[in-house]
Number of protein chains: 2
Amino acid sequence: MLDVAVAAGVSVATVSAAVNGTAPVSKKLRERIEQAIQEIGYKRNAVARSLKMGTTTTVGLVVADITNPFFTDVVAVIQDVLHRAGYAVMLCCTDESASLQEEQISLLLDRMVDGLIIAAAGDDDGLRRHLRGTNTPVVLIDRLCHDLDADAVVVDNEDAVKSATKYIIDLGHRNIGYISGSLSTSTGRDRLAGYRAALQEAGIEYGDEFVRLGNFRAKDAYTATMQLLTRPDRPSAIFAANNLMVIGVMKAIRDAGLDCPGDISVAGFDDFPWADVFQPNLTTIAQPVQAIGEQAAELILSRVADKKRREPRHIVLKGRLMIRESCRPIMRPR
Amino acid sequence: MLDVAVAAGVSVATVSAAVNGTAPVSKKLRERIEQAIQEIGYKRNAVARSLKMGTTTTVGLVVADITNPFFTDVVAVIQDVLHRAGYAVMLCCTDESASLQEEQISLLLDRMVDGLIIAAAGDDDGLRRHLRGTNTPVVLIDRLCHDLDADAVVVDNEDAVKSATKYIIDLGHRNIGYISGSLSTSTGRDRLAGYRAALQEAGIEYGDEFVRLGNFRAKDAYTATMQLLTRPDRPSAIFAANNLMVIGVMKAIRDAGLDCPGDISVAGFDDFPWADVFQPNLTTIAQPVQAIGEQAAELILSRVADKKRREPRHIVLKGRLMIRESCRPIMRPR
DNA sequence: TTGTAGGCGTTATCAG
DNA sequence: CTGATAACGCCTACAA
């Protein structure tokens, strides 16, 4: 910047004013400065600027699994609106590990991100500890954190799973397997609660033996499903609590020599772009990814702009049941 | 840091030395400093550090489409190894737009990233112009940029598509449709070249009417495929030049009331985790995503560590044809 | 309208 | 071993 200043024969203050439009600068000088900038190839150093201003125009985004299409969809829209607002996003991935998550958040906080959007992984304690200290705005997405009064945008998981389970029950199923996500996340807990609520409402007794932990991952879901399938009273339907796990469920069904939906019905949380193209067409719960991303981005933007507003805002959106062909009615002896 | 210094009764210089291990500090003082740090809850300000050091321990990662599973897989491993090395990654998404790409690169360069990993979108001119000026290390992934002597890790696209096309030809197909990616990317061009090479080698005449532009997107691939399917001499097989486009192709085939592989065979670039679970099991070319990510990350790391080494290194890996069930032999009248 | 000077939090250099 | 001090590049009073 100093180079530009001498080249244009002005002071650095004038250059700064011209570049940022902070103070009025005569047209003549502005032009000289523009030209000098071109010639020198000057680029403003955002690091120095950040140090002085105490703001980085960067927000940190930490998600549990960047490989999960649901998260990538959300990340894409967040990235899009944040970029439009002049913000960069630093993406971190925690691999569903609480310790990695703490590291990543530290890393982001060190770099003075202006805000943090987090899809929390694992245990809430670490999160709270890390976030309590700072006054960096935080918005939680997808998963809530108990006792942390941050903004959040989530889906009504319980309601969504409840209606999907009800749909399966209405098809005549009674033995319904459930492949659960990690219960240390709010989504894991809420979705399971939806399943139980639907069962209870239908007067079906809940049995622990029908729910198996899949940890939101295809591999774990595979072995969990295998356990279900080898039971003498194997379920006639299975619900998987996220997209990755549905894949594992389907793989297990195939390897067990079974057919979906012929032998067993399947439904899962999260939709796929290809869900209605390949067989069997999967019945799923579609999340409003676009809205989630937009709301999260706007929430963080408004927080950053106005740090004082204190009452946390929770936005809860609805999932949508996409009925396709992977669930089939069952004839029950009467 | 000053607070820590006064709390520990030492100078900031000593604190800095203790924190970074830059200079020997007596055990006694070190302990006092440690304690003061705990009490105050001091965290080193990475921005100030960056300004002083001229290094941000951050690398920029710009990809054309964060929604594409191929890219997310690669991003995940890059993120992983970079994080392990203490680097943060700033992710930007260009949506296959050249202008957006320039913006994103500017943004990253402003923030003084130590290195740049780029899956280039669109036209090469802008890229070159932006990258020539800086001496920030760059490694290109997936797509090359003509006349830019940067490190790169790519797949031998021509070879991979050639062998896939040969496989289809050996099945007896002669009219083979090709849904191409954007020809302003090296992958778009190289993959098409592979298709043409296989045709030529088999003595099949190449016809422009059988190749349609899908721009690496499902939607464009859908309409492109529809054009192919409504021809009187509709192809008996179609190859799609990436994962997103295969989805579009399959959707079009379904909507045209056709069956794959009964009526028409399909193969595509990029594998899916679920490719062998749903019907039809898709025949694909699997890319070595793990290796691509690792190599790219290590390349940028070594560049950052040692800026002087000048000769660019190109790493080219091989794709692997995953033969499944979406291509079927054809009986030809003789 | 323009210039000068001080400081953001660190680190490096050099005396003590 | 430890402490004072000068940058790093930018922005903002305040003065001219």
Side-chain angles (χ1 to χ4, degrees), chain A residues 1-37 40-58 86 88 106-114 134-136, chain B residues 1-37 40-58 86 88 106-114 134-136:
Chain A
M1 188 176 237
L2 196 140
D3 296 340
V4 175
V6 305
V10 297
S11 79
V12 289
T14 312
V15 177
S16 176
V19 170
N20 299 302
T22 301
V25 175
S26 70
K27 195 156 202 168
K28 214 167 168 167
L29 281 194
R30 204 199 325 272
E31 276 166 11
R32 278 229 307 273
I33 290 170
E34 290 284 339
Q35 196 186 337
I37 286 178
I40 310 237
Y42 164 79
K43 306 217 72 185
R44 184 173 65 189
N45 182 325
V47 175
R49 179 168 224 269
S50 295
L51 180 58
K52 180 64 187 175
M53 307 284 278
T55 172
T56 52
T57 51
T58 301
S106 259
L107 188 114
L108 258 13
L109 255 20
D110 283 357
R111 285 172 173 70
M112 304 236 303
V113 291
D114 293 341
T134 98
N135 66 342
T136 305
Chain B
M1 184 176 242
L2 198 139
D3 296 340
V4 175
V6 304
V10 297
S11 79
V12 288
T14 311
V15 176
S16 176
V19 169
N20 299 301
T22 301
V25 175
S26 69
K27 196 157 201 164
K28 215 166 168 166
L29 281 195
R30 201 191 336 266
E31 277 166 9
R32 277 225 310 270
I33 291 170
E34 290 283 338
Q35 196 185 335
I37 287 178
I40 311 239
Y42 163 78
K43 304 216 73 184
R44 183 173 65 190
N45 182 323
V47 174
R49 179 169 224 266
S50 293
L51 179 58
K52 182 64 185 172
M53 307 283 279
T55 172
T56 51
T57 50
T58 300
S106 258
L107 189 114
L108 259 12
L109 255 20
D110 282 357
R111 284 169 171 73
M112 303 235 305
V113 291
D114 292 340
T134 97
N135 66 342
T136 306

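Each chain gets a letter, A, B and so on, in the order the sequences are listed, and its residues count up from 1.
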Colleague: Closest approach to the side chain of B/Lys52, judged atom by atom: which nucleotide of D/dC8, D/dT2, D/dC11 is it?
Modeller: D/dC8

Colleague: Closest approach of B/Met112 and B/Thr56, non-hydrogen atoms and distance?
Modeller: O-OG1, 2.8 Å

Colleague: At under 4.0 Å between heavy atoms, what does A/Leu29 touch on the DNA or RNA strands: base, sugar-phosphate, or nothing?
Modeller: sugar-phosphate

Colleague: Please tell me which of the listed nucleotides, D/dG3, D/dG9, D/dT5, lies nearest to the side chain of B/Leu51?
Modeller: D/dG9

Colleague: For A/Val12 and for A/Pro24, find the nucleotide of DNA chain C with the closest heavy atom, then tell me which residue's nucleotide is more 5'.
Modeller: A/Pro24

Colleague: What heavy-atom pair brings A/Ala36 and A/Ala8 nearest, and what distance separates the two atoms?
Modeller: CB-CB, 4.1 Å

Colleague: Answer with base, sugar-phosphate or nothing: what part of the nucleic acid does B/Thr22 contact at a heavy-atom distance below 4.0 Å?
Modeller: sugar-phosphate

Colleague: Just to be sure I understand the rule, does A/Lys28 reach a base, reach only the sugar-phosphate, or reach nothing, if contact means heavy atoms closer than 4.0 Å?
Modeller: nothing

Colleague: Taking any atom closer than 4.0 angstrom to a non-hydrogen atom of chain B, what span of DNA chain C does the protein reach, first nucleotide to last?
Modeller: C/dG9 to C/dA12

Colleague: What are the two closest heavy atoms between B/Leu109 and B/Thr136, and how far apart are they?
Modeller: CD1-OG1, 3.9 Å

Colleague: Compare side-chain N and O positions of A/Arg49 against OP1 and OP2 of D/dC11 and report whether any pair is under 4.0 Å apart.
Modeller: yes

Colleague: Taking 4.0 Å as the cut-off, does a side-chain nitrogen or oxygen of B/Thr14 come that near to OP1 or OP2 on D/dT2?
Modeller: no

Colleague: For B/Asp110 and D/dC10, give me the distance from atom CG to atom P, rounded to whole Å.
Modeller: 11 Å

Colleague: With nearest nucleotides of DNA chain D determined for B/Val25 and A/Tyr42 from heavy-atom distances, which residue corresponds to the more 5′ nucleotide?
Modeller: B/Val25

Colleague: Checking A/Arg111 against B/Asn45 for the side-chain hydrogen bond (donor to acceptor under 3.5 Å, both in side chains) test, could you report, in this order, the C-alpha distance in whole Å, the side-chain angles of both residues, the deciding distance, and whether it holds?
Modeller: CA-CA 7 Å; A/Arg111 285 172 173 70; B/Asn45 182 323; over 6 Å; no

Colleague: Mind calculating the distance between CG (A/Leu2) and P (D/dG9) to the nearest angstrom?
Modeller: 10 Å

Colleague: Checking contacts here: which listed nucleotide (D/dC11, D/dC8, D/dG9) is nearest the side-chain heavy atoms of A/Met53?
Modeller: D/dC11

Colleague: Indicate the atoms forming the closest heavy-atom contact of B/Ala18 with B/Ile33, along with that distance.
Modeller: CB-CD1, 3.8 Å

Colleague: Is the phosphate of D/dC8, meaning OP1 or OP2, less than 4.0 Å from a side-chain N or O of A/Asn45?
Modeller: no

Colleague: Check this for me: does any side-chain nitrogen of one of A/Lys43 and B/Asp110 sit under 4.0 Å from a carboxylate oxygen of the other?
Modeller: yes

Colleague: Just to verify, which of B/Thr14, B/Val25, B/Val10 counts as forming a side-chain contact (heavy atoms from CB on, under 4.5 Å) with B/Arg30?
Modeller: B/Val25

